Amino acid sequence: MAIRYFITSTLGLICAVVGIWLRFAARDLAWPLQWSYSGPREDTIWAIREHAYQDVSLAILSFGLALIAIVLVTWLWLPARKPG
């Protein structure tokens, strides 16, 4: 039973970290290294990709935090073990 909680909480933590990283790295992942565009920035495909990365990162982060919350609530509701 404890190994299941460990695996689930580890998966949740990994998802949360990946979601946070993707949120902060969305601009670097979406935009090319050298670019020049004279029009509004939000009309470019790069800006659309950046917003898509940010939306996906929020979904991954939410999933990871939900897994961690489920493990914590389940662990807190377990009956206490009697010594001996």
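Every value quoted in this text rests on a predicted model; they were computed, and no experiment measured them. Along the sequence shown, residues are numbered consecutively beginning with 1. Atoms considered below: every heavy atom in the structure, side chains included; atoms not considered: hydrogens, waters and symmetry mates.
Rounded to the nearest 0.5 Å, atoms CG (Asp28) and CG (Leu22) are 11.0 Å apart.
When the side chain to side chain contact (heavy atoms under 4.5 Å, CB included) test is applied to Trp75, the partners found at least two apart in sequence or on another chain are Leu78.
Between Ser9 and the options Ile14, Val71, Leu72, a side chain to side chain contact (heavy atoms under 4.5 Å, CB included) holds for only Val71.
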Side-chain donor-acceptor distances from residues 48-70 under 3.5 Å, at least two apart:
{"residue": "Glu50", "atom": "OE1", "partner": "Trp31", "partner atom": "NE1", "Å": "2.8"}
{"residue": "Glu50", "atom": "OE1", "partner": "Arg41", "partner atom": "NH2", "Å": "2.9"}
{"residue": "Ser57", "atom": "OG", "partner": "Tyr53", "partner atom": "O", "Å": "3.4"}
{"residue": "Ser57", "atom": "OG", "partner": "Gln54", "partner atom": "O", "Å": "2.6"}
{"residue": "Ser62", "atom": "OG", "partner": "Leu58", "partner atom": "O", "Å": "2.7"}

